[in-house]
There are 2 protein chains.
Amino acid sequence: MEAYYRDIDRFYIAVDCIIFGFSKGELHLLLLKRNFEPAKGEWSLVGGFLKKGESIDQTAKRVLYELTGLDQIFMKQVGTFGEVDRDPGERVVSTAYFALMNINDYDPELAKKYNAHWIKLSELPPLIFDHHIMVDKARKMLQNHVPNELISFNLLPKLFTLSELQLLYEAIIGKPLDKRNFRKKVAEMDCVEKTNEKDKSGSRRGAYLYKFNDLIQN
Amino acid sequence: MEAYYRDIDRFYIAVDCIIFGFSKGELHLLLLKRNFEPAKGEWSLVGGFLKKGESIDQTAKRVLYELTGLDQIFMKQVGTFGEVDRDPGERVVSTAYFALMNINDYDPELAKKYNAHWIKLSELPPLIFDHHIMVDKARKMLQNHVPNELISFNLLPKLFTLSELQLLYEAIIGKPLDKRNFRKKVAEMDCVEKTNEKDKSGSRRGAYLYKFNDLIQN
DNA sequence: GCAAAAGTGTTACTTCTACACCCATGA
DNA sequence: TCATGGGTGTAGAAGTAACACTTTTGC
C-alpha cells in the first residue's frame, strides 16, 4: 500500500437490491424474511458485501445471481446510503440497485431455500434499517424512467399482450391509462413489435402477442 | 464488532465533487491542478475520504467546505463508482456529488492556496481516474433536472436579470432559447419574482432584477 | 442620433386528453 | 346468443415553437 493511504479509515461496503416483479396487475418486491443474523426474523432487501476483487456492479449482479440463479437481469444504481447509524450493528455504507425481472423466471425452490417472498408493493411490511428509503427512491426512479425510456420490459415475459403491457404501466405509475391513447403510443414505439401469435388465455377472442425487438436499450 | 462481520473486506470510501459554476454565459467546473500525490501535476475533481464519525453526505459537505469556506451549497448525489482499478494506487470506491455555486462566492485566495481553477466545460482538460465519467453523468443530471425542477438557481447571484437566467439555461441545456417564450415560462413560475431594482451594468437602458423566493425547494 | 440590450403578442403546429362503440369467439 | 375482453378514431384543449419590432438611455 502506498504511504498516502496509511491514515484513512476503511469501511464495509454493502449492496442492497430492490427486485421488482410484476404479476396480476401489481408490482411486487422480492424480500427476505431473514432467518439469519443480524435482524433475524425481520424483513429486508436482498444484500451482500463488496469483496476485494469485484466491482460494485459485479457485487450487485452476484447478489442477485446467488439468490435467483439468473444473470442478464437489468439493474440500475439507485444511490448510496451512508448515514453513520443506518446499520445499528456496524458502520456499513450501502449502495442500492434496483432490478427488474419476470416473476415467472424465479424458481420457487430457491425462494423456499432463502425464505424469499414476492410481496405486493401495496402491502409492504416494515423493513430493516433504511431499506424503505431505498425502496421509495427506486420506485420514483422507475416512475420517472418509464414514460421516457423503455425500461420495465424486463418485467414481462418475452411475448405479451397490449393489455398486459398497459397493466404494467398502470402499476408503475400508479394510475389508470386510457386504452386507445396507450395503444396509439405503443404503436409509435419502434421497439415493440406485433407478432402473429395470439394469446387465448385471457379472452375468448384472443389478443395478439407483442414482443420487444433489438431497438430497446436499457 | 459483532462476530457476523469478521470475515468481510473493508474499503476506502472517497467522495468526489463536481462543482459547477456559471460565468459569462458558460458553465465552469472547479478543478484542482494537483500539487500533491497521487497523480501530482494532473487535473482532478475535488475529493476526500469518508471518516468514521460522518455520513457520506457530511463528507461531501466537508470536502466542499474545506475548499471553499462555504456551507449551505446545494449538492446532490450523482452515483457511486466502484470499478476495481479505477484508482490505480489503491482500491477506492468513490461516491460523486455535484454542487452548484455562484463563482463570485468563491474566494480567489483560496483558489490560489489549493491550486483550484474554474475551467470552462467546453475546455475540460483530461482528468485523472474515472473523473470524466463522473462529470458526464453530473452534466446529464443537470440537464435533466433543469426543465422540470428548479435546481440551478444556486448558480446565480441573489439578484439577476432575465437575460442572465436565460444564458444560464442555455449553457446547461446546450442550445439557444427563444427570448419571448423563455420569459413567458419564467412569468408562470411562482418562484421567480421581479424586484424594483435595475441592473444598469449590462445595457444603457437597464434590466429589471429578479430573485428567487421561498417557493423553491431543491 | 445611434448603438446596444430590454422588453413585448400572435399565429400555426404539435401533442395530449377525453370519450363510446363494434368485433370475435367459446361456452 | 350472450358474456368477455380485444380492438379501433375523432375532436377539443393545452402546450410548444417560430417569428420582428419598439423602448430606453448613455455616449
Side-chain angles (χ1 to χ4, degrees), chain A residues 22-26 143-150 156-212, chain B residues 22-26 143-150 156-212:
Chain A
F22 178 67
S23 167
K24 294 176 198 141
E26 279 204 72
Q143 287 177 351
N144 289 334
H145 290 176
V146 158
N148 317 315
E149 310 175 39
L150 295 162
L156 290 171
K158 287 225 173 64
L159 295 174
F160 51 88
T161 66
L162 290 183
S163 297
E164 289 172 319
L165 183 59
Q166 183 174 347
L167 278 171
L168 170 58
Y169 264 81
E170 290 174 336
I172 292 174
I173 65 175
K175 46 188 165 188
L177 294 170
D178 179 89
K179 183 164 54 158
R180 279 176 287 190
N181 294 337
F182 179 77
R183 283 164 187 244
K184 240 178 291 172
K185 203 173 277 171
V186 172
E188 287 164 5
M189 290 179 175
D190 294 329
C191 60
V192 183
E193 268 180 36
K194 196 173 185 172
T195 70
N196 288 321
E197 296 173 69
K198 280 202 170 190
D199 167 39
K200 296 278 209 175
S201 69
S203 70
R204 313 218 190 278
R205 179 180 175 176
Y208 278 104
L209 288 164
Y210 287 70
K211 65 176 179 183
F212 297 107
Chain B
F22 178 68
S23 169
K24 296 180 194 135
E26 279 203 72
Q143 287 177 351
N144 288 335
H145 290 176
V146 156
N148 316 317
E149 308 176 41
L150 297 162
L156 290 170
K158 288 225 171 66
L159 296 173
F160 52 88
T161 66
L162 291 183
S163 298
E164 290 172 319
L165 184 59
Q166 184 175 344
L167 278 171
L168 171 58
Y169 265 80
E170 291 174 334
I172 292 174
I173 64 176
K175 46 189 167 189
L177 295 170
D178 179 89
K179 183 162 57 158
R180 279 175 287 189
N181 293 337
F182 180 77
R183 283 164 187 244
K184 240 178 291 173
K185 203 172 277 171
V186 172
E188 287 163 6
M189 290 179 175
D190 294 329
C191 60
V192 182
E193 268 181 36
K194 195 174 186 173
T195 70
N196 289 321
E197 295 173 70
K198 281 202 169 188
D199 167 38
K200 296 277 208 175
S201 69
S203 69
R204 314 219 190 278
R205 180 180 176 176
Y208 277 104
L209 289 163
Y210 287 70
K211 65 177 180 183
F212 297 108

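Please read all numbers here as calculations on a predicted model, not as lab measurements. Every chain is numbered from 1, with letters handed out A, B, ... down the list of sequences.
Distance CG (A:N181) to C1' (D:dA13): 13 Å, rounded to an integer number of Å. As a whole-Å value, the separation of B:M189 CE from D:dG15 C1' is 15 Å. If you measure from atom CD of B:E188 to atom P of D:dA14, you get 13 Å, rounded to the nearest angstrom. Protein atom CG of B:D178 is 17 Å distant from nucleotide atom P of C:dA12, rounded to whole Å. Between B:L209 atom CG and C:dA6 atom P the separation is 11 Å, expressed in whole Å.
A sub-4.0 Å separation between OP1 or OP2 of C:dG7 and a side-chain N or O of B:R183 is present. For the pair B:K200 and D:dG26, the criterion of a side-chain N or O lying under 4.0 Å from OP1 or OP2 is met.
When side chains are defined from C-beta on, A:L165 counts as touching A:F182, because their heavy atoms get closer than 4.5 Å. At a threshold of 4.5 Å between non-hydrogen side-chain atoms, the residues B:F212 and B:V192 count as touching. Residues B:R183 and B:S163 have side chains in contact (heavy-atom distance under 4.5 Å, counting atoms from C-beta outward).
B:R205 contributes a side-chain N or O that forms a donor-acceptor pair with the base of D:dT23 under 3.5 Å. Side-chain to base pairing of B:R204 with D:dC27: no donor and acceptor N or O lie closer than 3.5 Å to each other. Looking at B:K184, its side chain has no donor and acceptor atom pair within 3.5 Å of the base of C:dT8.
Here the closest heavy-atom approach between residue B:G25 and residue B:A171 is recorded as O-CB, 3.7 Å.
The 5' end of DNA chain C is approached more closely, in terms of each residue's nearest nucleotide, by A:K179 than by the other of A:K179 and A:S203. Between B:G202 and A:K198, the one whose closest nucleotide on DNA chain C sits nearer the 5' end is B:G202.
With a 6.0 Å radius and a threshold of 12 heavy atoms from other residues, nucleotides or ligands, B:K198 has its NZ atom above the threshold.
Residue contacts for A:S163: at a heavy-atom cut-off of 4.0 Å it reaches the sugar-phosphate backbone alone, with no base atom in range.
Looking at the side chain of B:R180, the nearest of the listed nucleotides D:dC19, C:dA18, C:dG7 is D:dC19.
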